[in-house]
Number of protein chains: 2
Amino acid sequence: MPREKKIDMVILGLLSHEPLTGYDMKKRIDGAIRFFWNGSFGNIYPSLKELENNGSITRCEVTSDGREKISYKITASGKEELRKWLRDEQASNELKYETLLKLFFGGVEEKNVTYHNIEVFENKIRGDLEMLRTYGKVLEKDLENEDHLHYYLTVSFGIDSYEAYLKWCAKAKKLLNGRAQR
Amino acid sequence: MPREKKIDMVILGLLSHEPLTGYDMKKRIDGAIRFFWNGSFGNIYPSLKELENNGSITRCEVTSDGREKISYKITASGKEELRKWLRDEQASNELKYETLLKLFFGGVEEKNVTYHNIEVFENKIRGDLEMLRTYGKVLEKDLENEDHLHYYLTVSFGIDSYEAYLKWCAKAKKLLNGRAQR
DNA sequence: CTCCTTATATATCAACTTGATATATCGTTT
DNA sequence: AAACGATATATCAAGTTGATATATAAGGAG
């Protein structure tokens, strides 16, 4: 059984564009990637060591003037590892929405509790959607750029699904209000 | 800091409807809940023991004729624990879509690889959407039933977002094909 | 009637992820 | 010079996942 850590692929993917430190990777993940994947120092740093031992990445710059700083770059074998993963059509896609869980079990509480939970969700989505639209507008201008195109497609996925979420929120709130309140 | 295990809430939520064994719970989760939450024997059984020690649930039927079988029911304090969680507006909602990750880093491979990955995703969604629509049609007939209403809302969320996914798939494939193939 | 397969049922574990915390330096502001 | 936030690496407890182990029951095939 080969290595299964998905964070490895995130790291290799990021390094396929430019050399980065672990800290930088975390920032990239917290930027655009966070909408569909996650990462933490707790798995980035251990993974960096393993990938280095594997020969998938190498240190390309180390500054030890006071604060330690280690930049990594991807190797040829690392790039092949990344490509192999991309060509593997298997992919786990899963949602983990506590809001829906609360909705599903909402029957033991009053309707306004569920109603409120939906509103909180709605506001969060509204904010994120605005952000995604801003990203999208910038990227749209240069889709000829390969990287922009791929980036744009993920942003566009977010926009489309968040818009669907908001429509659903309105519908759900209406359905909840249609019944006798409390 | 109180207990944070979300599986506890799934168990309490399920038991708020009817007594169940751990095995039954897993089946329920694999049915409708799997679209927005997950659970495994690996966290169900340990959680059952802890919830029993807490007094949140009690055994209500144990058969030891050969095969052991333990049914649990929720207690008053367990129900209050569930309600408290429902009233807490904090909720973590996160997507973990490997397909989008592969799309994001797809630039290092040929376009048809990304195209194929989207098609695999599309087919999976199409199948799940059909299933959700079947669920939805049954539930729609009796939304006066409180439990059906909550169940229906989660199914409806799935339908709406999956429809948005499919539209996005078509758009994404077109955009990828618009560029020079390979 | 026995063998085989599948479903029922509980239990456990290694591997992975998460979010918090620890430690220390650097840059900017007060 | 003190305070604060950003940079940077590292580690850990707690939770989740998917697989595996163990054993019984039920149903059908030969």
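Just so you know, these numbers come straight off a predicted model, no measurement behind them. In what follows, every chain begins at residue 1, and chains take the letters A, B, ... in the order their sequences are listed.
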Between [options], which nucleotide gets closest to the side-chain atoms of [X]?
{"X": "Y45(A)", "options": "dT9(D), dT12(C), dA7(C)", "result": "dT9(D)"}
{"X": "Y23(A)", "options": "dC16(C), dT17(C), dA6(D)", "result": "dA6(D)"}
{"X": "K5(B)", "options": "dT16(D), dT11(D), dA8(D)", "result": "dT16(D)"}

Counterpart residues, salt bridge (charged side-chain N to carboxylate O under 4.0 Å, His left out), relative to E94(B) (two or more places apart): none
Within the structure, does a side-chain N or O atom of K27(A) lie under 4.0 Å from either OP1 or OP2 of dT7(D)? yes
Verify the contact: side-chain N or O of T21(B) to OP1 or OP2 of dT8(C), cut-off strictly under 4.0 Å; return yes or no. no
Using heavy atoms and a sub-4.0 Å distance, could you list which residues of residues 32-43 of chain A are near DNA chain D? By number, please. F41(A), G42(A)
Assess, by modelled atom type and distance only, whether the side chains of Y45(A) and Y23(A) contain a donor and an acceptor separated by less than 3.5 Å. no
Residues E98(A) and W85(B): side-chain donor-acceptor under 3.5 angstrom: yes
Give the rounded distance in Å between these two atoms: [atom1] of [X] and [atom2] of [N].
{"X": "E50(B)", "N": "dA11(C)", "atom1": "CD", "atom2": "P", "answer": "13 Å"}
{"X": "I11(B)", "N": "dG15(D)", "atom1": "CD1", "atom2": "P", "answer": "13 Å"}
{"X": "M25(A)", "N": "dA10(D)", "atom1": "CE", "atom2": "P", "answer": "12 Å"}
{"X": "L20(B)", "N": "dT8(C)", "atom1": "CG", "atom2": "P", "answer": "14 Å"}
{"X": "L48(A)", "N": "dT17(C)", "atom1": "CG", "atom2": "P", "answer": "13 Å"}
{"X": "I7(B)", "N": "dT17(C)", "atom1": "CD1", "atom2": "P", "answer": "19 Å"}
{"X": "K6(A)", "N": "dT18(C)", "atom1": "NZ", "atom2": "C1'", "answer": "16 Å"}
{"X": "D30(A)", "N": "dG19(C)", "atom1": "CG", "atom2": "P", "answer": "10 Å"}

Would you mind classifying the nucleic acid contact of K26(B) as base, sugar-phosphate or nothing, using non-hydrogen atoms under 4.0 angstrom? nothing
Note: E89(A)-K102(B) ion pair, threshold 4.0 Å (strictly below): no
Residue set satisfying side-chain hydrogen bond (donor to acceptor under 3.5 Å, both in side chains) with E122(A), at least two apart, ordered chain then number -> R126(A), K173(A)
With K26(A) via side-chain hydrogen bond (donor to acceptor under 3.5 Å, both in side chains) - residues at least two apart: D30(A)
Tell me which residues in residues 88-106 of chain B put a heavy atom below 4.0 Å from DNA chain C, sorted by number, or none. E94(B), K96(B)
Of K49(B) and D24(B), whose closest DNA chain C nucleotide lies nearer the 5' terminus? D24(B)
Does the structure place the NZ or CZ of K6(A) under 6.0 Å from the centre of the six-membered ring of W37(A), at an angle of no more than 45° from the ring's axis? no
Is D160(A) reaching over with its side chain to a backbone N or O of F157(A), donor-acceptor style, under 3.5 angstrom? no
Salt bridge (Lys or Arg N to Asp or Glu O under 4.0 Å): which pairs involve residues 38-49 of chain B, sequence neighbours left out? none
Walking DNA chain D from its 5' end, the first of E68(A) and P46(A) to be reached, judged by nearest nucleotide, is E68(A)
Ring geometry between F104(B) and Y151(A) (parallel below 30°, tilted from 30 to 60°, perpendicular above 60°): perpendicular
